[in-house]
Amino acid sequence: DKEFSVQTKSFNVHFDGNGSLKAIQIRATGQVVDVRQDFGYYRSFVGNNYGTNRASGAYVFRPSEQEAVLFARSNIIAHIVDTPVLTEVHQKVGDWMSQTVRIDPLSDAIEYDYQCGPIPPDEGKEVVIRWSTNMTTGGVFYTDSNGRQMMQRRRDYRPTYNLTVTEPVSGNYYPVTSRIAIRDDRNDLQMTVLNDRAQGGTGYREGQIEVMVHRRCLVDDGMGVVEALNEGGVDGKGLEIRGKLWLQLSSIAGAAEQHRDMAQRLYMEPVVTFRRCSSLDEYA
Amino acid sequence: DKEVTALREWQAVMQHHDAITGTEKQHVANNYALKLYKSIEKCQSVVEVAVRKLTLKQPALKDPTNLGELLFCQQLNVSACIHTEANHSLAVTVYNPYGQPVRHILRLPVTHRNYAVSDPQGMPVQSYAFLIPAPVLALKERALSRAVEELVFETKLPALGFATYILKYQNGSETNSTGSVATNFTSLPPVVPVSRKV
């Protein structure tokens with residue numbers, strides 16, 4: 001019921017009384033960046049794939065409305081676990097959406113361990129996690145090009161032709177194979193989100209990063225796969241997924257060093273093996 | 001080379017766009033998962049041989065047969081592990097493939113929290129029992145798992161090397177601290193400034 005904060009190497013991370021992320025304060029400069037996290041989904045467009053009546057499916061992301069349906073923040077149930085080695089905030093967002101926020105006092109990356117599914121099969125849903133900040137971004141964001149350079153993306157814009165936007169959301173969605181970022185040049189800030197698998201994402205709304213984490217579409221999009229994107233999972237009731245995202249905040253000049261180093265470390269994560277030993281003392 | 005080539009080749013196959021984006025048919029997706037699993041499993045024997053060679057270089061080891069079989073777990077991503085749940089005492093070897101020393105926080109699913117953890121020098125390591133969140137417990141993929149908690153502790157790994165931590169079950173009273181439910185974080189340790197060379 002109370003607001004609280006957790007310290008990392010360079011930040012104070014503030015949560016509100018519901019256990020939702022509220023702001024990040026950079027201790028060195030005193031800058032406070034409002035950071036709100038939301039969970040939501042777009043309803044998939046259902047069509048018969050004739051003419052402009054294309055359905056959302058495996059190849060095509062086409063929401064039926066341009067605004068996501070958001071889970072109410074006030075319904076989040078949070079449980080906080082605090083130890084010197086790690087602080088965790090367990091959040092139950094809805095019946096089929098939850099996450100654990102992990103804050104390591106010796107790291108500046110906030111880890112999100114999310115779980116999603118099974119998505120109710122009443123309609124097609126495309127689930128997103130969104131961070132909203134007070135950063136001034138002008139609809140410009142950056143996505144990686146499969147681990148090479150960061151590509152600048154501009155709202156409703158293509159560098160090689162004049163674009164007429166007919167799908168404001170999906171027209172601004174791009175592949176996010178390892179990271180997506182937004183920048184605030186005036187305040188010298190960059191917020192980067194790294195992921196553990198190829199996803200889709202956007203940052204075309206002012207100060208926002210959005211990543212699509214799960215989809216369930218009940219209709220084939222007619223692009224060749226001839227199957228609806230409707231995986232049943234272990235029990236046929238729908239796929240449950242668990243994944244991780246990492247959020248970093250830094251100066252623009254320091255951002256590349258931080259996210260490239262972290263991406264390398266995530267890629268080369270330590271390998272754990274076990275042995276049963278007759279004498280552990282001797283083994284040690 | 002024979003053992004590793006399968007993973008090398010299947011990794012290459014799965015850079016095809018349908019595996020990256022998920023636009024393959026369901027039976028193809030299932031086959032991709034199977035092939036990846038089998039080819040990863042083949043590599044385990046290579047890791048076993050490599051770690052055994054490195055371990056036997058330690059002069060203090062009197063009896064090499066005491067090493068036991070190297071065990072792998074591919075269910076740690078759903079907070080389940082047949083080895084940590086079924087054995088009360090284990091040697092946990094963590095290999096760091098990165099070219100710099102790494103501080104890594106290890107999470108091991110356990111059925112009891114009464115473990116003493118010691119580092120490669122035999123010194124005790126502080127560990128914590130974290131409850132596994134209810135939605136994770138309900139995952140169908142971990143139906144056979146009995147773990148409701150994860151043992152969490154910090155490991156320090158050398159560059160391109162490994163460290164072995166020993167887990168020993170302690171009878172009697174609890175020896176581990178548990179993550180406490182709290183709403184106030186003023187008791188966190190002071191932050192130590194770190195200088196970095198770029």
Side-chain angles (χ1 to χ4, degrees), chain A residues 1-2 4-10 27 58-59 79-88 90 92 96-98 100 104-106 115 175 177 198 215 223-227 229 231-235 237 240 242 257 264-265 268-284, chain B residues 20-26 47 51 62-63 66-73 76-78 83-84 87 89-98 102-106 118 122 126 128 130 133 135-136 139-141 152-154 157 166 168 177 179-185 188-189 191 194 198:
Chain A
D1 296 331
K2 288 180 189 167
F4 61 93
S5 63
V6 186
Q7 280 189 356
T8 71
K9 207 165 64 177
S10 317
R27 276 201 301 278
Y59 282 89
H79 172 83
I80 304 146
V81 186
D82 175 31
T83 71
V85 76
L86 206 60
T87 299
E88 285 191 350
H90 299 181
K92 188 171 189 301
W96 45 273
M97 187 89 211
S98 64
T100 300
D104 177 348
L106 299 182
Q115 192 174 322
T177 47
R215 310 176 70 199
M223 289 291 191
V225 74
V226 204
E227 275 181 12
L229 193 71
E231 198 167 346
V234 174
D235 59 357
K237 291 180 179 169
E240 288 172 90
R242 192 183 184 194
E257 186 203 347
Q264 285 287 324
R265 288 172 188 271
M268 296 197 180
E269 195 184 34
V271 182
V272 185
T273 59
F274 307 95
R275 274 189 210 278
R276 282 183 294 261
C277 302
S278 55
S279 166
L280 281 174
D281 291 332
E282 189 179 335
Y283 186 93
Chain B
I20 298 289
T21 57
T23 47
E24 74 276 48
K25 284 177 181 285
Q26 188 59 50
V47 178
V51 174
K62 294 169 197 160
D63 178 12
N66 187 34
L67 276 177
E69 184 194 359
L70 202 60
L71 307 167
F72 293 81
C73 177
L76 286 170
N77 65 334
V78 287
H83 309 307
T84 55
N87 294 290
S89 297
L90 270 180
V92 183
T93 298
V94 192
Y95 173 70
N96 171 26
Y98 195 51
V102 163
R103 168 184 166 272
H104 182 65
I105 295 173
L106 207 57
S118 52
Q126 183 68 60
Y128 302 88
F130 277 63
V136 179
L139 281 170
K140 315 284 185 310
E141 284 83 355
V152 177
F153 58 94
E154 192 180 287
L157 312 173
I166 304 290
K168 252 187 185 176
S177 305
S180 57
V181 179
T183 53
N184 186 321
F185 291 84
L188 281 174
V191 175
V194 178
V198 181

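We name chains A, B, ... by the order of the sequence lines, and we start the count at 1 in each one.
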Side chains of [X] and [Y] in contact at under 4.5 Å (non-hydrogen atoms):
X	Y	result
A/V225	B/E24	no
A/L86	B/F130	yes
B/V152	A/T83	no
B/L71	A/R275	no
A/V272	B/L106	yes
B/Q126	A/V85	no
B/T93	A/F274	no
B/Y95	A/P270	no

(Q) Counting only non-hydrogen atoms closer than 4.5 Å, does A/L229 touch chain B with its backbone (N, CA, C, O), its side chain (CB onward), both, or neither? (A)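 A/L229 touches chain B through side-chain heavy atoms alone.
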Q) Where on A/T273 is there a heavy atom nearer than 4.5 Å to chain B: the side chain, the backbone, both, or neither? A)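 Both parts, heavy atoms under 4.5 Å.
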Q.
For the interface with chain A, which of B/I20, B/N77, B/T21 has the highest count of heavy-atom pairs at distances below 4.5 Å?
A.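 With the most close heavy-atom pairs to chain A, the winner is B/N77.
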Q. If you count heavy-atom pairs under 4.5 Å with chain A, which of B/N87, B/L76, B/T84, B/N96 comes out on top?
A.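 Among the listed options, the one with the most contacts to chain A is B/N87.
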Q.
I need the minimum non-hydrogen distance between A/A58 and B/T23, along with the two atoms involved.
A.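 Nearest pair, atom of A/A58 first, then B/T23: O-CG2, 3.4 Å.
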(Q) Please find the pair of heavy atoms, one from A/Q115 and one from B/P135, that lie closest to each other, and give the distance. (A)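 That would be NE2-O, 2.7 Å.
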Q | Side-chain donor-acceptor contact under 3.5 Å, B/Q26 with A/E231 | A |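 Short answer, yes.
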Q) Quick one: what part of B/L157 sits under 4.5 Å from any heavy atom of chain A, side chain, backbone, both or neither? A)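 Just its side chain gets close to chain A.
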Q) Between B/L139 and chain A, which part of the residue has a heavy atom less than 4.5 Å away: side chain, backbone, both or neither? A)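 Both parts, heavy atoms under 4.5 Å.
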**Q.** salt bridge (charged side-chain N to carboxylate O under 4.0 Å, His left out) involving B/K140 - partner list, sequence neighbours excluded
**A.**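 In terms of salt bridge (charged side-chain N to carboxylate O under 4.0 Å, His left out), with neighbours along the sequence ignored, B/K140 is linked to A/D235, A/E240.
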Q: Output all residues satisfying ring pair (Phe, Tyr, Trp, His ring centres under 6.0 Å) with B/H104, sequence neighbours left out; order by chain, then residue number.
A: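 With sequence neighbours excluded, B/H104 shows a ring pair (Phe, Tyr, Trp, His ring centres under 6.0 Å) to no residue whatsoever.
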Q) Quick one: CD on A/Q264 to OH on B/Y98, what's the gap to the nearest 0.5 Å? A)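 Taking CD in A/Q264 and OH in B/Y98, the distance rounds to 5.5 Å.
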Q | Short side-chain to backbone donor-acceptor contact, B/E141 and A/V234, under 3.5 Å | A |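 Checked: no pair found.
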Q: Begin with the C-alpha distance, continue with both residues' side-chain angles, and end with the deciding distance and a verdict on side-chain contact (heavy atoms from CB on, under 4.5 Å) for A/V271 and B/V47.
A: CA-CA 10 Å; A/V271 182; B/V47 178; 5.6 Å; no
